[in-house]
Undergrad: 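Just dropping this structure here.
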Amino acid sequence: MNILLLADAFNSLTQRVYAELGDHGHTVAVERVPRRGDPTAIVDRHSPDLILAPMLTTVIPREVWSAYPCLVVRPGPVGDRGPSALDWAVHEGVRKWGVTVFQADAELDAGDVWASVPCAVPAVAKSDLYRNEIADAALTAVLLAVRRFTSGTYLPVRQGGIDGAEDVPVRARPYFRQELRRIDWESDPTETVLRKLRAADSRPGVLDTLLGRDWSLHGGHFEDRLTGTPGELLATRAGAVCRATADGAVWIPQLRRRGGPGEPAAVKLPATLALGDLLPRLPEAKVPLDVGGHRSTWTDIRYSEEGRAGFLWFSFPGGAMSTTQCRRLLAAYRYARSRPMSVLVLCGGRGFFSHGIHLNVIEAAADPAAESWANVNALDDLVQAVLTTTDRLVVAALGGNASAGGAMLALAADEVWCRTGVVLNPHYRLMGLYGSEYWTYSLPRRVGAEMTERLMEDAAPVSAAAGQRLGLVDRLVDAAPAEFGARVTDLAVDLASSPGVRPRIAAKDGVRERDEAQRPLAAHREEELARMRAVFYDRGAPYHARRRAFVRKEPLVEAGAEESVTAGR
């Protein structure tokens with residue numbers, strides 16, 4: 001069946017729907033609908049059998065839904081209506097939520113239901129929930145709805161009688177405005193502050209005043225020891241700031257300056273970098289890598305051990321890794337290598353494994369070209385350390401998505417384990433880059449030269465299951481997001497104690513020497529970086545315009561720019 005996806009952006013959910021529908025044999029295209037744009041001409045160009053809207057905030061016009069079957073994916077249960085479904089769910093601390101696929105109709109969110117799937121709501125940020133529990137439920141609902149549509153016999157259910165339940169109540173709620181997000185630092189307890197921050201972590205952030213300036217606060221994490229005058233900044237850690245609440249404190253990893261009318265959109269940055277010279281002298285509240293479970297505090301890098309397996313846990317906001325973050329992770333990796341373990345597992349966060357270089361930090365730098373160059377070299381250093389580890393097995397455990405240099409970091413490991421909901425984007429072209437991180441070595445050794453060229457040229461998302469078929473993924477871990485870490489721990493402990501692990505480690509030196517004789521890693525790096533440097537220092541290169549548009553959420557004005565928002569297979 002020919003399916004057209006309409007979306008505001010080719011975001012994580014849209015990519016996953018695109019990839020998994022393709023895995024099920026459908027012909028899928030995706031088109032981005034510009035704000036205030038009319039999708040009628042776009043749709044007519046494709047003449048699809050079915051239109052799906054996995055992430056669309058604009059209304060599908062009557063001319064489209066009356067001519068084509070249109071199914072809308074909504075991150076809310078049946079009966080919930082309004083533009084801020086997840087914001088309300090996180091703000092109210094609900095324990096159960098759901099995803100509904102309904103037919104587009106004249107009344108917003110009120111069309112007949114093709115599928116509805118429930119999901120749990122853990123105490124996590126909105127974007128984390130969206131990329132995990134919501135995305136899992138959404139894919140289950142989408143695949144069910146498509147099967148029902150394809151059958152030609154299923155009749156969608158009018159809202160009010162789903163699965164035999166009569167009179168499902170309709171709850172229409174308004175847009176979740178900043179007045180509802182406002183933090184009263186003098187009186188709001190920590191749990192209230194965290195709910196407000198988590199309900200706005202990625203977008204739109206919580207509007208607040210700090211050090212005499214207006215900011216959007218992004219992300220929030222509990223602090224178990226530091227306290228102070230409510231609203232006061234207490235400490236820094238790994239680029240985040242700790243701020244006192246009425247009864248404790250929270251860590252805020254990112255800030256975005258609120259500009260005035262006519263000013264260009266500001267960039268979301270690590271909090272200390274965003275504050276710059278405004279930041280008072282504060283202590284750096286360091287914690288050891290092996291901080292352990294006795295602390296309930298935030299840190300973006302941890303190390304733990306179980307049996308003969310070591311685990312390097314890292315979770316960077318948005319999955320991006322700045323020069324500083326790459327260097328800190330490399331230092332942690334070297335520490336982990338000093339431990340007498342047989343298996344070392346690189347474990348990314350729930351939402352992301354890694355997306356490579358930090359485009360926001362690069363965009364905000366005084367010299368973006370120089371920062372791009374420093375960042376890619378720092379990431380190369382990290383990947384090189386993984387590739388040249390021959391005294392143990394290295395596993396990359398992906399509970400969240402990976403792309404570009406982050407995907408190559410994973411592929412540098414001996415084994416790649418993916419949660420079944422993960423999406424991989426092992427390419428660079430859409431950002432106008434040739435790519436680095438030793439991809440010219442790691443990709444061909446896994447999938448061959450022909451498939452490497454296809455992956456790089458198609459620049460399309462790959463599901464975890466398709467990744468396993470291609471050779472990008474060694475093990476699929478069918479686990480709920482909250483269970484993935486425990487499953488990986490058990491699997492790694494079993495691997496480390498298995499009789500075959502010693503011979504595999506012993507063979508690594510010989511394999512590395514053979515590959516080095518064929519073509520040294522330094523040669524791969526030199527060629528890749530020469531092409532990257534040429535792009536970084538060419539002010540007219542598409543990379544700069546594409547980076548700016550991506551970071552600042554601006555329209556991309558560039559010949560051929562449609563390739564960054566349109567895909568088909």
Side-chain angles (χ1 to χ4, degrees), residues 236 238-240 253-257 259 263-279 284 300-301 314 316-333 354-385 403-409 427-440 521-554 556-558 564:
T236 62
Q254 295 182 299
L255 300 174
R256 180 168 55 86
R257 182 179 55 81
E263 293 185 20
V267 177
K268 182 166 53 178
L269 295 169
T272 57
L273 182 61
L275 289 170
D277 294 339
L278 293 174
L279 186 68
E284 178 76 5
D300 55 0
I301 304 175
F314 58 95
F316 301 122
M321 298 165 61
S322 69
T323 304
T324 300
Q325 289 166 327
C326 288
R327 290 170 178 167
R328 289 177 50 244
L329 187 55
L330 175 57
Y333 184 83
S354 171
H355 289 319
I357 60 176
H358 203 310
L359 298 177
N360 287 40
V361 171
I362 290 169
E363 178 67 17
D367 186 342
E371 181 57 35
S372 298
W373 180 246
N375 200 165
V376 77
N377 273 280
L379 185 50
D380 273 15
D381 290 343
L382 174 61
V383 175
Q384 180 188 29
S403 64
M408 301 312 156
L409 172 61
H427 54 80
Y428 303 82
R429 181 172 63 85
L430 301 185
M431 196 50 62
L433 293 172
Y434 176 74
S436 191
E437 297 86 29
Y438 299 90
W439 74 265
T440 54
L521 285 177
H524 288 277
R525 179 166 179 162
E526 182 179 357
E527 178 191 358
E528 292 168 3
L529 287 181
R531 299 184 69 161
M532 293 286 273
R533 183 181 177 89
V535 171
F536 292 156
Y537 286 92
D538 177 3
R539 294 184 178 180
Y543 160 69
H544 299 289
R546 295 183 184 190
R547 182 192 69 240
R548 179 183 178 88
F550 176 80
V551 166
R552 299 183 184 273
K553 308 296 188 256
E554 297 174 347
L556 179 58
V557 181
E558 172 192 319
S564 65

Undergrad: Could you give the distance from NE2 (H355) to CE (M321), rounded to the nearest 0.5 Å?
TA: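 Answer for the NE2-CE pair, H355 versus M321, is 11.5 Å.
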Undergrad: First locate atom CG of N360, then atom CZ of R552, and finally report the distance between them rounded to the nearest 0.5 Å.
TA: 9.0 Å
Undergrad: Tell me, do Y434 and Y543 make a side-chain contact under 4.5 Å, heavy atoms counted?
TA: no
Undergrad: Do R546 and F550 meet the cation-pi criteria used here (NZ or CZ under 6.0 Å from the six-membered ring centre, within 45° of the axis)?
TA: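 R546 over F550 ring: no.
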Undergrad: To the closest 0.5 Å, what do you measure between CD (E526) and OG (S436)?
TA: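 So the CD of E526 and the OG of S436 are separated by 12.0 Å.
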Undergrad: Are Y333 and I301 packed together at the side-chain level, in the sense that at least one heavy-atom pair is separated by less than 4.5 angstrom?
TA: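 Heavy-atom side-chain distance check fails, nothing below 4.5 Å.
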Undergrad: Anything under 3.5 Å between a donor and an acceptor, one on a side chain of residues 270-277, the other on a protein residue two or more places apart or in another chain? List them.
TA:
| unit_1 | atom_1 | unit_2 | atom_2 | d |
| --- | --- | --- | --- | --- |
| T272 | OG1 | G239 | O | 3.4 |

Undergrad: CG/L529 to CD/E437 distance, rounded to the nearest 0.5 angstrom?
TA: 8.5 Å
Undergrad: Under the side-chain contact (heavy atoms from CB on, under 4.5 Å) criterion, do L433 and R531 qualify, and how do the steps go?
TA: CA-CA 8 Å; L433 293 172; R531 299 184 69 161; over 6 Å; no
Undergrad: How long is the span from the CG atom in L379 to the CD atom in Q384, to the nearest 0.5 Å?
TA: 12.0 Å
Undergrad: Could you walk me through whether I362 and H544 pass the side-chain contact (heavy atoms from CB on, under 4.5 Å) test, one step at a time?
TA: CA-CA 10 Å; I362 290 169; H544 299 289; over 6 Å; no
Undergrad: Would you say the side chain of T323 lies within less than 4.5 Å of the side chain of E371, judging by non-hydrogen atoms?
TA: yes
Undergrad: Nearest 0.5 angstrom please: D380 CG to Y438 OH, how far?
TA: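 One gets 5.5 Å once the value is rounded to the nearest 0.5 Å.
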Undergrad: With side chains defined as the heavy atoms from C-beta onward, is the minimum distance between R525 and D381 less than 4.5 Å?
TA: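 Of all side-chain heavy-atom pairs linking D381 with R525, at least one is under 4.5 Å.
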Undergrad: Taking the side chain as every heavy atom from C-beta outward, state whether T324 and V361 have any pair of such atoms under 4.5 Å apart.
TA: no
Undergrad: Please evaluate residues M408 and T440 with respect to the criterion side-chain contact (heavy atoms from CB on, under 4.5 Å), reporting the C-alpha separation (whole Å), side-chain torsions for both, the decisive distance (0.1 Å), and the verdict.
TA: CA-CA 10 Å; M408 301 312 156; T440 54; over 6 Å; no
Undergrad: If you take all heavy atoms of E363 and P368, which pair is closest and at what distance?
TA: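 Minimum heavy-atom separation between E363 and P368: O-CG, 4.4 Å.
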Undergrad: Report, as yes or no, whether the 6.0 Å neighbourhood of atom CD on E284 holds more than 12 heavy atoms from other residues, nucleotides or ligands.
TA: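 For E284, atom CD is crowded (more than 12 foreign heavy atoms under 6.0 Å).
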Undergrad: Does the H358 side chain pair with the main chain of L269, one donor and one acceptor, at a distance under 3.5 Å?
TA: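 Such a contact is absent between H358 side chain and L269 backbone.
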Undergrad: Looking at S372, is its backbone amide N or carbonyl O close enough to the side chain of D367 to form a donor-acceptor pair, meaning the two atoms are under 3.5 Å apart?
TA: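 No, D367 side chain to S372 backbone: no donor-acceptor pair under 3.5 Å.
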Undergrad: Would you call P317 and K268 a side-chain contact if the rule is heavy atoms closer than 4.5 Å?
TA: no
Undergrad: Which of parallel (below 30°), tilted (30 to 60°) and perpendicular (above 60°) describes F536 and W373?
TA: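 The rings of F536 and W373 stand perpendicular, inter-plane angle above 60°.
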